[in-house]
Number of protein chains: 2
Amino acid sequence: MKLSKRGEYGLRALQDLAAHYEGGPVSTNDLAERNNIPSRFLEQIMLILKHGRIVHSKKGPHGGYHLARSPERITLAEVVRLLDGPLSPISCVSETAFEPCGCPDMEACGLRRVMQAVRDAVAAMMENTTLADLLSK
Amino acid sequence: MKLSKRGEYGLRALQDLAAHYEGGPVSTNDLAERNNIPSRFLEQIMLILKHGRIVHSKKGPHGGYHLARSPERITLAEVVRLLDGPLSPISCVSETAFEPCGCPDMEACGLRRVMQAVRDAVAAMMENTTLADLLSK
DNA sequence: CATAAAACATATAATATCTATAGGATTTAT
DNA sequence: ATAAATCCTATAGATATTATATGTTTTATG
């Protein structure tokens with residue numbers, strides 16, 4: 001049920017980028033230093049985020065990353081799915097990566113019902129929370 | 001955000017044990033067969049559940065496992081924590097395994113606020129759901 | 001134009017975890 | 001006595017995580 005460091009670092013960096021959304025690009029080094037993240041590791045994460053069209057980049061001096069969209073239009077769900085995969089506790093209730101689980105009768109499975117509810121609750125919270133929501137007190 | 005196979009198998013086996021709560025012990029082999037679980041792997045899981053005081057065991061022919069308490073008194077939270085560890089998405093919001101995360105200001109961290117809410121929601125669902133709830137339609 | 005700052009791209013090391021299998025030891029019903 | 005079952009520990013095999021390393025490319029700036 002835990003987020004990977006990759007996911008956690010990515011979210012922290014994006015939260016930082018959201019805070020600096022007005023203004024020029026922010027370098028990996030600055031992001032890493034401010035948020036206590038190993039900088040070479042963060043570099044890879046930023047690349048994933050770029051390929052996932054969550055950030056844009058600018059090369060060269062004074063280059064760096066900035067959000068590809070305004071903070072209100074980037075949900076935590078999108079980021080977590082990109083960096084950490086599906087939100088479901090078990091694959092038989094996943095929207096994005098369904099797989100049967102091997103229980104005798106899927107429809108009658110009580111465990112499945114509960115895990116479906118957990119997935120729905122988590123997904124709803126993550127889909128309704130944007131990077132902008134992370135900033136407001 | 002996903003449960004391990006260990007956790008999933010353990011829950012499925014316990015759901016089965018709850019269904020057979022009236023009646024004698026159920027062997028690992030029966031549990032494994034009925035639920036499509038590798039039987040030697042399940043053996044280890046049952047041992048963990050035994051040491052965690054969630055099941056009792058009886059050795060010898062017609063031996064096996066039965067719940068240590070009635071199904072209404074075993075929550076999914078207890079089982080998942082035992083087999084898969086803390087429920088929190090990040091350690092800085094964990095009740096059972098708190099650790100600071102490295103963000104500049106924990107109190108002001110928006111990400112932390114959201115993850116705290118996710119943890120609380122998941123924990124509440126898991127703590128309020130018992131093995132008995134898995135059986136009722 | 002030279003330099004340095006930065007992203008970009010891969011490779012790979014180090015570690016951990018997950019999943020599962022194996023080999024036996026112990027208990028106990030029949 | 002036998003066989004069914006738990007119990008215990010080790011370890012294999014696979015995969016994922018986390019991180020470091022090495023270098024290439026782009027580009028702003030002096």
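Below, chains carry the letters A, B, ... as their sequence lines are ordered, and counting in each starts from 1. The figures that follow rest on heavy atoms only: side chains count, while hydrogens, waters and symmetry mates do not.
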Between [atom2] on [N] and [atom1] on [X], what's the gap in Å once rounded to a whole number?
| X | N | atom1 | atom2 | answer |
| --- | --- | --- | --- | --- |
| A:Lys58 | C:dC8 | NZ | C1' | 17 Å |
| B:Asn29 | D:dA4 | CG | P | 10 Å |
| A:Lys2 | C:dA16 | NZ | P | 13 Å |
| A:Leu83 | D:dA16 | CG | P | 16 Å |

OP1 or OP2 of [N] less than 4.0 angstrom from a side-chain nitrogen or oxygen of [X], does that happen here?
| X | N | result |
| --- | --- | --- |
| B:Tyr9 | C:dC18 | no |
| A:Ser4 | D:dA16 | no |
| A:His62 | C:dA4 | no |
| B:His56 | D:dT6 | no |
| B:Arg6 | C:dC18 | yes |
| B:Thr28 | D:dT6 | yes |
| A:Lys50 | C:dC8 | yes |
| A:Ser27 | C:dA5 | no |

Pick the closest DNA chain D nucleotide for A:Ser39 and for A:Gly60 by heavy atoms, then say which residue is nearer the 5' end. A:Ser39
What nucleotide among [options] has an atom nearest to a side-chain atom of [X]?
| X | options | value |
| --- | --- | --- |
| B:Lys59 | D:dT26, C:dT28, C:dA29 | C:dT28 |
| A:Phe41 | D:dA21, D:dC8, D:dA19 | D:dA19 |
| B:Glu43 | C:dA9, D:dT9, D:dC7 | D:dC7 |
| A:Arg40 | D:dT6, D:dG23, C:dG23 | D:dG23 |
| B:Tyr65 | D:dA3, C:dC8, D:dT6 | D:dT6 |

Between B:Met46 and B:Glu43, is any pair of side-chain heavy atoms under 4.5 Å apart? no
With a 4.5 Å limit on heavy-atom distance, are the side chains of A:Leu14 and A:Val55 in contact? yes
Determine the minimum heavy-atom distance between [X] and [Y], stating which atoms define it.
| X | Y | answer |
| --- | --- | --- |
| A:Arg81 | A:Thr96 | NE-CG2, 3.7 Å |
| B:Leu111 | A:Glu8 | CD2-O, 4.4 Å |
| B:Met126 | B:Thr75 | O-CB, 3.7 Å |

